[in-house]
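For reference, the structure is listed below as structure tokens.
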Amino acid sequence: ILNVEQSPQSLHVQEGDSTNFTCSFPSSNFYALHWYRWETAKSPEALFVMTLNGDEKKKGRISATLNTKEGYSYLYIKGSQPEDSATYLCAFERGATNKLIFGTGTLLAVQP
Amino acid sequence: DAGVTQSPTHLIKTRGQQVTLRCSPKSGHDTVSWYQQALGQGPQFIFQYYEEEERQRGNFPDRFSGHQFPNYSSELNVNALLLGDSALYLCASSLDGPGAITDTQYFGPGTRLTVL
């Protein structure tokens, strides 16, 4: 059984706060780790695809790190804004299969 | 450039009925995957189509079937609907054929299926 776990389940922060979430995944047969942002009533939006141990990616105020040996990835948001409010999903890809195994997501609410 | 589109947006069916959901992939993409998201869970992989064939399948019963057309669009069919089939069904497209340079899967907004 392949489990992808995300923590925390939900997070409430104030505008301007920096925050981070964790995604844990199996460390065997790793191919890629995907991060998505999903706003209510919209399509999940791809943020990052991470493939190399030690990889670090950045998109504006959002960045992510990857540790494939210990099986975790962190997503950081610097200076959270209300428009960052969404569910953040990570998905593990085992082998080059294009088959994604998702966690249950972290729901972020940013209060103005 | 149109992204992934899905139809219908919402659907209500009764137990035992059959349903067909449709997906048009992002322009230039040749691979379509389907996911089911039940309440409180992350999306779960149903199956994937490439070159009009089912390439791999998740842990879903045979009541779930699909099809991919020559223009790469896809359908998901569910027979003998159960209450537990109520969920959001997501379609994702990617490029897997010659020229593929990214593993990013692009998702549609989903079809919300309610089974009464």
I need the minimum non-hydrogen distance between [X] and [Y], along with the two atoms involved.
X        : Y       : value
A:Pro44  : B:Leu90 : CD-CD2, 4.4 Å
B:Gly108 : A:Ser43 : C-OG, 3.1 Å
A:Leu100 : B:Phe45 : O-CB, 4.1 Å
A:Asn98  : B:Ser33 : O-OG, 4.2 Å

Group every Ile, Leu, Val, Met, Phe, Trp and Tyr by side-chain heavy-atom contacts under 4.5 Å, then state whether [X] and [Y] land in the same group.
X       : Y       : answer
B:Trp34 : B:Phe64 : yes
A:Leu47 : A:Leu33 : yes
B:Leu88 : B:Leu11 : no
B:Tyr72 : B:Tyr50 : no
A:Leu52 : A:Trp35 : no

Does any heavy atom of chain A fall under 4.5 Å from the side chain of [X], the backbone, both, or neither of them?
X        : answer
B:Arg112 : neither
B:Gln105 : both
B:Gln6   : neither

Intermediate values then yes/no, side-chain contact (heavy atoms from CB on, under 4.5 Å), A:Phe102 and B:Tyr35: CA-CA 10 Å; A:Phe102 281 89; B:Tyr35 293 81; 3.8 Å; yes
Heavy-atom count around [X] [atom1] within 6.0 Å, excluding the residue itself: above 12?
X       : atom1 : result
B:Leu83 : CG    : yes
B:Asn59 : CG    : no
B:Arg15 : CZ    : no

Of the backbone (N, CA, C, O) and the side chain (C-beta and beyond), which part of A:Leu89 lies under 4.5 Å from a heavy atom of chain B, both, or neither? side chain
Proximal component of A:Phe48, with respect to chain B [non-hydrogen, under 4.5 Å]: neither
Can you tell if the side chain of B:Phe107 reaches within under 4.5 Å of the side chain of A:Tyr36, non-hydrogen atoms only? yes
